[in-house]
Structures are given as C-alpha cells and as structure tokens.
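Shown below is the structure under consideration.
The chain is numbered in sequence order, starting from 1. For ligands, and for the atoms within them, numbers begin at 1 and follow the listed sequence.
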Amino acid sequence: MKNTAKLIIGDKEYKFPIVEGTEHEKGIDIRNLRLQTGHTTYDPGLANTGACESSITFIDGEKGILRYRGIPIEQLATHSTFVETAYLLLYGNLPKKNQLKDFSSKFTLHAMIHEDMKNFFDGYPAWGHPMGILSSMVCSLSAYYPELEKIEIPKKDIGTIAVELISKVRTIAAFSYKKKMGEPFVYPRADLKFIPNFLNMMFSSTNRDYKIEPEVVHALQTLFILHADHEQNCGTSTVRIVGSSWANLFASISAGICALWGPLHGGANQRVTEMLEKIQRNGGNVDKFIQKIKNRDSNTKLMGFGHRVYKNHDPRAKVIKARATALLEKLGVDDPLLKIAIKLEEAALKEDFFIERKLYPNVDFYSGIIYRAIGIPTDMAPVMFAMARMAGWVSQWVEMRETPGMRISRPRQIYTGETERDYIPVEKRK
Ligand code: SDX
C-alpha cells in the first residue's frame with residue numbers, strides 16, 4: 001500500500017499508483033484521474049506536475065545538485081568540453097576516444113549554412129534582437145533539410161542531426177553578430193575546434209586577426225557545459241510540447257528559442273547586465289536598489305536571482321562566479337559591474353526578503369560578466385544560452401519522440417467564463 005495514493009472525494013475513495021525515480025523522487029500517477037473521478041488537477045505554472053519520465057538530467061533543488069546522465073556538472077565543468085558533454089547528453093555515456101574524434105569532426109563538416117540563407121540577413125535591421133533572428137533562421141533550416149520532415153528519426157542518425165543543428169546555430173549566431181557590426185561574415189574554419197571557431201567567426205575580420213586566448217575558450221567551454229541542459233524548464237518543455245505534435249526538430253527548437261528569450265527565463269542574463277549598468281549609472285548604490293525590490297514597487301525583480309527548482313544555491317552560479325573572477329584577472333579587465341554584482345549578492349543574501357523566499361543567484365547572475373569581458377554584446381547573451389542548450393533540447397526532443405506510446409501534449413483547464421447564453425442580433429443589443 002506504500003506505493004499507492006488515496007484520494008477521497010465526497011464519500012468515494014480512489015487509489016492511484018505512486019511512481020518513484022532512480023533518485024527516489026516520487027510522483028502520483030494520475031493518468032486515469034479524470035476517467036475515474038471526473039476531476040482534473042489544477043496546477044498553474046505546473047510547479048507540481050511531472051510531464052514525463054527522463055533519464056537525461058537530474059536536479060535536486062533543495063541540495064543544489066545538477067547532474068547530466070549521472071555525472072555532476074562540477075566534474076564536467078572541470079574536466080570535459082562542450083562537444084564531449086553534448087555527446088554525453090545525446091547518447092547517455094561519455095564517448096570513447098575514437099567516438100569523440102568522429103563526433104567532433106562532424107561539427108566542422110556541418111558548420112556551413114546553405115549559402116542562400118546568407119540573404120536572410122539582408123532583411124534584418126542591424127538593431128534586430130539576435131534571438132528573433134536565431135529563432136527564424138533555425139525554423140527556416142527545415143526548408144533546406146526537408147528530410148527532417150520525416151516523423152521517424154532513427155536513433156543512429158540523431159547524433160548527426162544534432163551536430164548539424166548545433167554547428168549551424170553557432171554559425172548563425174556569429175553571422176548575426178557580424179550583421180549587427182556591419183562587418184562581412186567570417187566563415188567557419190576546418191582547422192578550428194567548436195569554441196575557437198565561434199570566436200574566430202565572431203571577432204576576426206578581413207583586416208584584423210583575432211588572437212584566440214585559451215582562458216577565453218576555457219571560460220566559454222564552462223558556460224556552454226553549464227547551460228547545456230536543465231531538465232523540464234520552460235524552454236525544454238516548449239520543445240517537447242511542440243515536438244509532441246510531430247512537428248519537425250527545427251520547428252520545435254525554434255519554439256524553444258522563443259520561450260528561452262523571455263526575461264524570466266534565458267533572457268534574464270541580458271536583463272542582469274542591464275540592471276547592473278543601471279545601478280552603476282545611479283552611483284552603484286545596491287542598498288537603494290534592494291529597497292526598491294523590497295517595496296515591491298514597479299514590480300522590480302533582482303534579475304539573475306531566484307529559481308523554480310533551486311531553493312538553495314544554483315550550483316552553476318557558483319562555478320560561473322569563480323570563472324568570471326578568474327577570467328577578468330587573467331585578461332586584466334577591471335569591470336565595475338563584477339564588483340556591483342558581488343556587492344548586490346552579498347547585500348541581498350543578508351535580507352530576510354530574499355532569505356525567506358529562498359532566492360539565490362541563478363545561472364544568469366554572473367554569466368553576462370564573462371560575455372562582456374570577451375566582447376559579446378549584451379543582447380547576445382540569450383543567444384549564447386540557446387547555443388549551449390541546443391545539446392539538451394535535441395536530447396530531450398529525441399527522448400520524447402522515442403517514448404513508447406508518446407502522446408500529443410494537451411493540458412486541460414478550469415473554465416471560468418460565461419455559462420450558456422443565446423446569440424443576440426445586433427439591432428437588439430443594448
Ligand atoms: C532560468 O527552470 C529552469 O531550469 C530555468 C533555467 C534553465 O537552466 O533552464 O535555470 C534558466 O530561467 C533561470 C531563471 C532566470 N530568471 C531570472 O533570473 C528572473 C528573476 N527570477 C524570477 O522572476 C523568478 O525567481 C523565477 C522566474 C526564476 C522563478 O519564478 P517562480 O518559481 O514562479 O517564483 P515566484 O515568482 O512564485 O517567486 C516566489 C516569491 C514571490 O514573492 P511573493 O509573491 O511570494 O511575495 O519570490 C519573489 C516573488 O515575487 N521573487 C522575486 C524574485 N524571484 C522571485 N523577487 C524579487 N526578485 C526576484 N528575482
């Protein structure tokens with residue numbers, strides 16, 4: 001009986017099985033709830049609702065644990081690369097030497113986008129937000145890869161499709177930066193690995209070489225690894241829901257990019273930098289800013305703080321803060337925003353307002369400091385997040401599509417509108 005939940009409605013008692021995951025998280029299986037009781041659940045924001053079973057990423061929000069396929073992200077951030085982590089997420093295990101070599105070489109092979117797609121950029125204004133460009137370009141990829149319209153995606157191909165997408169998104173991101181800067185596009189090079197290639201496409205030009213600094217590569221490697229997946233967040237759930245209608249992979253990912261763009265989600269990293277710049281313009285007074293948040297005026301939030309799942313420190317924030325501090329030291333960059341961010345974190349974590357609500361720095365609080373030090377524009381921060389999250393999104397999309405008996409996602413509602421009433425001809429309306 002310990003694996004059964006009892007529900008009493010009126011004078012009737014219903015029983016539902018309890019499901020338990022490998023990390024002993026428990027859920028009440030209510031797949032027959034409406035059939036048995038005529039009731040649905042009601043859970044706006046889905047904070048208490050498990051939408052799927054997954055073996056990709058595990059988070060323990062109370063203990064601040066994050067693992068990809070069982071491996072703690074702290075170990076991956078120290079020892080792995082983004083390409084190797086992408087392989088782990090996609091295939092479930094770390095690659096052997098020859099598997100990694102073969103997988104890595106595919107990123108170079110598939111780095112180009114169809115030459116005709118360059119013309120798309122002529123239609124975007126230089127000031128267009130790069131997330132809007134990325135989402136439309138990714139969806140347009142499906143026009144060039146009609147084979148992806150096929151419903152069945154054989155597992156053996158998924159690595160290649162994932163690499164194509166991740167590699168092309170890197171090129172699209174770099175091209176959108178060049179468009180913004182009014183500079184000619186720089187094409188991917190066959191002799192450069194994933195991140196150095198991205199940096200070269202971004203910052204080199206016909207009249208200037210760009211020196212690829214190892215510590216810059218290392219900092220981006222860490223950020224990409226830490227952003228690669230995060231179980232059923234808003235963006236990933238969007239990718240799964242869109243994919244559940246049998247929409248193709250690129251259409252599903254394009255929707256995920258739009259969800260991630262939101263300032264409450266992946267767009268927060270851009271808002272954190274803008275918030276820190278505003279505090280700096282106002283004299284750097286963090287206490288005054290915190291007072292504004294506590295007064296709840298104008299719905300001001302401490303961007304980069306708080307999390308639906310982590311009610312302890314977001315483990316990623318700790319790693320990113322250390323990486324940002326180390327990078328600025330190595331590059332000899334003295335960014336006042338880092339000092340303001342550290343002061344803001346210290347001040348907030350002394351305030352009951354944040355302590356009572358278990359609000360801590362999340363993945364977005366310090367990442368913008370690294371992007372600024374590298375020269376990546378503030379509005380490209382969400383694009384960097386999306387580039388890394390491609391690995392998780394493809395993995396989650398495939399897992400959803402390969403779930404036996406996978407059904408289209410279609411939640412119910414509690415209707416609170418008008419009850420039945422008749423149509424009134426316009427001449428009789430009061
Ligand atoms: C990401 O889900 C994931 O895994 C996402 C992510 C990933 O890897 O995919 O981790 C990436 O999206 C990180 C979060 C980035 N967003 C931000 O930094 C935006 C600022 N944070 C908040 O908007 C908020 O904390 C959320 C959106 C992250 C979480 O929202 P919840 O879970 O719905 O929490 P809530 O709004 O119900 O907050 C509970 C209370 C409220 O106060 P009360 O009404 O109870 O008095 O805390 C307050 C909120 O007003 N609160 C904040 C706050 N976050 C929550 N108050 C001030 N500043 C904040 N940042």
Check this for me, if you would: do K180 and D379 make a salt bridge, where the nitrogen-to-carboxylate-oxygen distance has to be below 4.0 angstrom?
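Salt bridge present between K180 and D379.
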
Is any NZ, NE, NH1 or NH2 atom of the basic residue among K106 and E164 found under 4.0 Å from an Asp or Glu carboxylate oxygen of the other?
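Judged by the 4.0 Å cut-off on N to carboxylate O distance, K106 and E164 do not form a salt bridge.
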
For N282, enumerate each residue passing the side-chain hydrogen bond (donor to acceptor under 3.5 Å, both in side chains) test, keeping only those at least two apart in sequence or located in another chain.
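N282 satisfies side-chain hydrogen bond (donor to acceptor under 3.5 Å, both in side chains) with no residue once adjacent residues are dropped.
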
Any Lys/Arg nitrogen of R316 or E74 sitting under 4.0 Å from an Asp/Glu carboxylate oxygen of the other?
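Salt bridge flag = no for E74 with R316.
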
Side-chain heavy-atom pair D60, L66 within 4.5 angstrom cut-off:
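Answer no - side chains too far apart.
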
Going through the checks in order, is the ring pair (Phe, Tyr, Trp, His ring centres under 6.0 Å) test met by H230 and H307?
CA-CA 12 Å; H230 211 240; H307 200 276; 5.4 Å; yes

As a test of reading the model: which residues have a non-hydrogen atom less than 4.0 Å away from ligand 1?
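Residues within 4.0 Å of ligand 1: H230, N233, P263, L264, H265, A268, I293, R296, K301, L302, M303, G304, F305, G306, H307, R308, R316, F353, R357, L359, N362, D364, F385, R389.
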
